[in-house]
Protein chains: 2
Amino acid sequence: MAERKVAITRATGGDGGDDDGRGRAGPHFVDLTARARIRDAALRLFAEQGFEATTIRGVAEAAGVSSGLVRHHFGAKEALREACDTYALERAMAIKEEAVVAGRLADPTFMVAVHPTLLLLQRYVARSMVDGSAAAAGLFDGMVAETERWIATGRLAGPGPDDDDDPRAFAAALVAMQTGLLILHDHVSRALGTDMLDVDGQVRLGRAVVDIHSRSLLSAEQAAQARAAYDEIQARWPARARGKEPAGAPDEQPPRARDEEPARARDEEHRQ
Amino acid sequence: MAERKVAITRATGGDGGDDDGRGRAGPHFVDLTARARIRDAALRLFAEQGFEATTIRGVAEAAGVSSGLVRHHFGAKEALREACDTYALERAMAIKEEAVVAGRLADPTFMVAVHPTLLLLQRYVARSMVDGSAAAAGLFDGMVAETERWIATGRLAGPGPDDDDDPRAFAAALVAMQTGLLILHDHVSRALGTDMLDVDGQVRLGRAVVDIHSRSLLSAEQAAQARAAYDEIQARWPARARGKEPAGAPDEQPPRARDEEPARARDEEHRQ
DNA sequence: CTGGCGGCTACACGTCTGTGTAGTAAGCTG
DNA sequence: CAGCTTACTACACAGACGTGTAGCCGCCAG
C-alpha cells in the first residue's frame with residue numbers, strides 16, 4: 001500500500017507499514033503507524049475489558065488519535081475486531097515460527113522476553129471466546145481438534161488412553177481449562193499477588209499447571225467412585241447416554257458418590 | 001400483559017413476596033412473583049450473555065413484564081445484579097443443604113435433577129467473574145482459599161504436597177480451570193455436540209475431568225524438564241523470584257524446555 | 001363507600017454508542 | 001502548476017441504553 005510514504009514523513013520513523021507497522025518479524029518499535037497503534041490499543045482493550053465494553057472512542061484515546069481515524073482505517077467496530085483476530089493469529093504464529101526456525105526455542109530468555117506479547121495475544125483470543133467472536137470459536141474448535149489428535153498419538157503420559165474413553169470431551173475440557181486461566185487473568189493475578197503475565201507470576205502459574213498435570217489429584221478409589229456415580233446416572237437417565245439402558249430400581253446407594261473432584265468447586269463456591 | 005398481573009396478584013398474594021416468591025425451600029412453581037421471574041430471567045441472561053450485553057428491556061421481555069417494573073423492583077441495573085449475586089449464593093447453598101441434611105446426596109437422581117439449576121447458578125457466578133462483579137471476585141478468592149485449605153489437609157492424592165510448592169498458585173490455577181469450563185459453556189457444548197449442562201453432556205464432561213485429574217498427563221521426565229526450564233527462567237530474571245539469585249552464563253541448553261504442558265495450548269492456538 | 005398502597009405500565013429525558021459526512025493538510029503524479 | 005489520493009479531524013445523526021416520572025388498577029383497612 002501507499003500509506004508508508006506519509007507515515008514515514010510523519011515522524012513515525014522508518015518502520016515500514018503494510019498493517020503491522022513494523023519489519024516482518026522485527027522487534028517492537030515505539031513509533032508505529034497510527035493504524036498499528038489503533039490495532040494494538042484495541043487488542044489490549046478487547047483483551048482487558050471485552051469487546052462490548054470497549055468503545056471506539058476509548059480505543060482512539062488509548063491510541064492517541066481521533067475516533068474518526070479508527071473508523072477511517074477499519075470502517076466498523078466489527079472489522080476492527082476481525083483485524084485484531086487476524087493480527088493475533090498471524091503474530092503469534094510469527095513468534096512461534098521465529099522461535100522454532102531460529103532455534104531460540106531452547107533459549108528461555110527469548111521465550112520469556114516474547115511472552116508478554118504472546119500471552120497478551122492468547123489472552124485476547126481467550127477473551128474473544130467469551131465475547132463470541134466467530135474467529136475465536138473456530139480457534140477453540142481447532143485447539144480441541146489438535147488436542148484430540150495429540151491424544152490419539154498416545155504421547156500422553158500415564159495409564160494411557162482409556163478403554164471406552166471420550167477423547168473429544170477430554171480435549172474440550174483440557175482446552176477450556178487452559179483458556180480459563182487466561183480469561184480469569186484478573187482474579188488469578190489477584191490471588192497470586194502478581195500479574196500472572198509478568199515473569200514471576202507466569203513462572204509460578206506454569207509450575208502450578210505442571211504440578212496439576214504431573215500428578216493425579218484423585219486417588220484410584222476416588223476416581224472409581226466418581227465413575228461409578230456417573231454410571232449410575234447414565235443408567236437412570238435413558239437419554240442417548242452412550243449405549244446404556246435404564247435400570248429399574250430408583251433407590252440404591254452409590255457410596256457417597258458426589259464428593260469428588262467436580263463437586264469440589266461447587267462446595268467452595270457456596271461456602272463463602 | 002394485563003391478564004397476567006391479575007392472575008399473579010391473585011395467586012401469589014399470600015407469599016409475602018419477599019424476594020424468591022416461593023415457600024422457603026419449596027419446589028419450583030410455574031407461577032412466580034413478577035419480581036422472582038425478573039430475577040430468574042436476569043440470572044439466565046447475565047449467565048448467557050454477560051452483564052453489559054444484557055439490557056433491562058431484554059430482561060423485562062424475557063420475564064414478560066414491562067421494563068419499568070424491573071426498575072420498580074430493583075431500582076438500578078447494578079442492584080439487579082447484586083440481587084442475582086445474593087440469590088445465586090443463597091439458592092446454591094440451599095440446594096446443597098437440602099442435599100446434605102435430607103441425605104439425598106447419595107441419590108444421583110436428585111443430584112442430577114437439581115443440577116440444571118445448580119449448574120446455571122454456577123455458570124452465572126463464573127460469568128460474573130469475567131464481567132467483574134465485586135461479589136464474584138470475593139467468591140473467587142473464597143474458592144481459592146478453601147481449595148488452599150483443602151490442599152493443606154493433605155487429602156489430595158498422589159505424591160503429596162510437594163517440597164517447596166506454591167499452594168496458592170496451585171489453588172488459583174485449579175479454581176480458574178474449573179471455572180473456565182463453565183465460562184466457555186458454548187464452546188465446550190459445541191465440541192461435545194450436546195449442551196454441557198444437560199445430563200448427557202454433564203456426565204461426559206464430568207468423566208473427562210475425573211480422567212484429567214486422576215492420571216498424570218505429563219511423564220515424570222516431562223515434568224522435570226518443564227520445572228528445570230522454570231528454574232532457568234527464574235535464575236535469569238532477578239525479579240523478586242522466590243529466593244533465587246541470578247546466574248551468570250546467558251547461554252545454556254535446557255533440553256527443549258518449552259514443549260510441555262503450558263506450550264500445548266499455545267501450539268494448537270497458532271496452528272489453526 | 002373511600003382512601004391509601006403496592007404492583008404495574010407508558011412515556012419522556014439525557015447520555016453514550018456506532019456510524020455518517022464534510023473538511024483540512026500533506027504528498028505523489030501528471 | 002493542478003489533480004488526485006491518503007491520513008486525519010470535527011461535528012452531526014439515529015438509535016439504544018439506563019434512568020426518571022406520572023398515572024392506572026386491584027386490593028384492603030377505615
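Naming: A, B, ... by sequence-line order, numbering from 1 per chain. Because the structure is predicted, anything quoted here is derived from the model rather than measured.
Between Arg81(A) atom CZ and dT19(C) atom P the separation is 12 Å, expressed in whole Å. As rounded to whole Å, 15 Å separates atom P of dG18(C) from atom CZ of Phe74(A). Rounded to an integer number of Å, the gap from Leu69(A) CG to dG18(C) C1' is 16 Å. Atom-to-atom, CD of Glu61(A) to C1' of dC16(C) comes out at 14 Å; the value is rounded to the nearest Å.
Both tests hold for Arg35(A) against Phe74(A): distance to the six-membered ring centre under 6.0 Å, angle to the ring axis within 45°.
Of all heavy-atom pairs spanning Val130(B) and Arg127(A), the tightest one is CG1-NH1, 3.4 Å. The minimum heavy-atom distance between Val144(B) and Ala172(B), with the atom names listed, is CG2-CA, 4.0 Å. Taking both residues in full, the closest heavy atoms of Thr54(A) and Leu45(A) are given as OG1-O, 3.3 Å, listed atom of the first, atom of the second, then distance. Pairing each heavy atom of His187(B) with each of Met129(A), the nearest pair is NE2-O, 2.8 Å.
For the pair His73(A) and dT6(D), the criterion of a side-chain N or O lying under 4.0 Å from OP1 or OP2 is not met. Side-chain nitrogen and oxygen atoms of His72(B) include at least one within less than 4.0 Å of the OP1 or OP2 phosphate oxygen of dG7(C).
Of the possible donor and acceptor atoms, one in the side chain of Arg37(B) sits under 3.5 Å from a partner among the backbone N and O of Ala63(B).
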inquiry  = Walk along nucleotides 15-22 of chain D from 5' to 3' and tag each nucleotide B, S or - by protein heavy-atom contact under 4.0 Å, base first, then sugar-phosphate.
reply    = --BBBB--
